[in-house]
Asks: 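This structure is in structure tokens; I'll ask about it shortly.
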Amino acid sequence: WYQRRVREAVVSTQSTGGGAVFSAIKGFRLAPPGIKSRLLGMTTSVKVKAPVLGGNFGTWGLTFAACDCSLIYLRNKEDHWNSILAGAATGGILSMRSGPQAAVTSAIIGGVLLAMIEGISIALTRWGAEQFKPVMPTLPDAA
């Protein structure tokens with residue numbers, strides 16, 4: 001089960017589609033004026049930078065999935081705290097080479113970012129559940 005989950009996370013985050021969108025926008029904006037040169041700059045930027053950004057997405061996804069699955073195993077429960085702690089751990093692990101201060105800062109940012117994402121997820125789930133609450137039907141008066 002955990003292997004499938006890690007594989008799904010890596011496959012979904014390692015798509016170069018996300019990298020292609022960011023690279024295309026940047027290449028279009030930085031190219032010389034003229035639609036032909038802008039389109040050429042856009043495609044060149046995508047060819048060069050999308051694989052790198054896709055690899056970065058994949059690295060983040062694999063690290064996050066490994067931390068998340070490890071926390072599920074260690075805590076024996078699957079809740080929102082696992083994702084929040086995994087986000088903090090991922091931020092810290094990926095910036096560890098920059099020193100302890102950068103690792104702590106990135107861990108805090110990762111935890112806060114995942115807490116916001118999980119908070120929005122909880123709010124949307126509750127809002128969606130409100131729509132499906134059973135309502136007592138009202139019968140017309142027989143009189």
Side-chain angles (χ1 to χ4, degrees), residues 1-140:
W1 181 79
Y2 292 111
Q3 290 174 348
R4 179 179 53 82
R5 185 169 176 166
V6 170
R7 193 173 340 119
E8 288 172 358
V10 171
V11 169
S12 67
T13 58
Q14 196 172 7
S15 72
T16 56
V21 170
F22 291 119
S23 298
I25 292 170
K26 188 172 183 180
F28 186 83
R29 290 183 58 192
L30 295 178
I35 191 71
K36 198 171 195 175
S37 61
R38 287 192 185 263
L39 290 176
L40 182 64
M42 184 173 72
T43 56
T44 303
S45 179
V46 168
K47 286 181 194 175
V48 172
K49 296 185 180 182
V52 174
L53 198 51
N56 290 342
F57 279 133
T59 302
W60 189 93
L62 178 64
T63 307
F64 177 80
C67 292
D68 193 30
C69 291
S70 298
L71 285 167
I72 290 170
Y73 177 78
L74 291 172
R75 295 182 67 227
N76 287 328
K77 62 168 77 168
E78 189 168 356
D79 59 1
H80 298 290
W81 287 108
N82 290 338
S83 296
I84 294 168
L85 294 172
T90 300
I93 289 169
L94 292 179
S95 64
M96 208 177 272
R97 291 175 49 192
S98 299
Q101 185 177 3
V104 169
T105 302
S106 292
I108 291 170
I109 291 171
V112 168
L113 185 65
L114 264 293
M116 290 188 325
I117 291 170
E118 290 297 324
I120 291 170
S121 173
I122 292 169
L124 288 175
T125 302
R126 287 186 182 170
W127 176 74
E130 287 289 324
Q131 295 179 353
F132 297 106
K133 268 190 174 176
V135 178
M136 179 69 86
T138 57
L139 299 174

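Positions are given from 1, in the same order as the sequence printed here.
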Asks: How far apart are the closest heavy atoms of L40 and T44, and which atoms are they?
Replies: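 For L40 and T44, the tightest heavy-atom pair comes out as O-OG1, 2.8 Å.
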Asks: Carefully, step by step, assess K49 and K26 under the rule side-chain contact (heavy atoms from CB on, under 4.5 Å).
Replies: CA-CA 10 Å; K49 296 185 180 182; K26 188 172 183 180; 4.0 Å; yes
Asks: Rounded to the nearest 0.5 Å, what's the gap from OG1 on T59 to CG on L94? Could you check?
Replies: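 So the gap between those two atoms works out to 7.5 Å.
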Asks: For R29, which residues count as a side-chain hydrogen bond (donor to acceptor under 3.5 Å, both in side chains) partner, sequence neighbours excluded?
Replies: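 Residues passing side-chain hydrogen bond (donor to acceptor under 3.5 Å, both in side chains) with R29: none at all.
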Asks: Between K77 and I72, does a side-chain contact (heavy atoms from CB on, under 4.5 Å) hold up when you go through it step by step?
Replies: CA-CA 6 Å; K77 62 168 77 168; I72 290 170; over 6 Å; no
Asks: Measure across T90 and F64 and return the closest heavy-atom pair with its distance rounded to 0.1 Å.
Replies: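 Of all heavy-atom pairs spanning T90 and F64, the closest is OG1-CA, 3.2 Å.
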Asks: Rounded at 0.5 Å granularity, tell me how far CG in L71 sits from CD in E78.
Replies: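 If we round to the nearest 0.5 Å, L71:CG and E78:CD are 11.0 Å apart.
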Asks: Which atom names give the shortest non-hydrogen contact between I93 and C67, and what distance separates them?
Replies: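 In terms of heavy atoms, the two residues are closest at CD1-SG, 3.8 Å.
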Asks: Side chains of residues 96-111: which donor-acceptor partners sit under 3.5 Å, not counting sequence neighbours?
Replies:
{"unit_1": "T105", "atom_1": "OG1", "unit_2": "Q101", "atom_2": "O", "d": "2.8"}
{"unit_1": "S106", "atom_1": "OG", "unit_2": "S95", "atom_2": "OG", "d": "3.2"}
{"unit_1": "S106", "atom_1": "OG", "unit_2": "A102", "atom_2": "O", "d": "3.1"}

Asks: Suppose we screen for salt bridge (Lys or Arg N to Asp or Glu O under 4.0 Å). Which residues come up paired with R38, at least two apart in sequence or across chains?
Replies: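 Counting only residues at least two positions away or on another chain, R38 forms no salt bridge (Lys or Arg N to Asp or Glu O under 4.0 Å).
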Asks: If you look at every heavy atom in S37 and P33, which pair is closest and at what distance?
Replies: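 Answer, listing the atom of S37 first, then P33: OG-O, 3.0 Å.
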Asks: In Å, rounded to the nearest 0.5 Å, how long is the span from OG of S83 to CD1 of I117?
Replies: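 Answer rounded to 0.5 Å: 9.0 Å.
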Asks: Ignoring hydrogens, what is the shortest heavy-atom contact between D68 and N82? Give both atom names and the distance.
Replies: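 That would be OD1-CB, 3.4 Å.
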Asks: Output, in order, the C-alpha distance, side-chain angles, deciding distance and verdict of side-chain contact (heavy atoms from CB on, under 4.5 Å) for R75 and W81.
Replies: CA-CA 10 Å; R75 295 182 67 227; W81 287 108; 3.8 Å; yes
Asks: Quick one: pull up CG in L85 and OG in S70 and give me the separation to the nearest 0.5 Å.
Replies: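 One finds 12.0 Å between CG of L85 and OG of S70.
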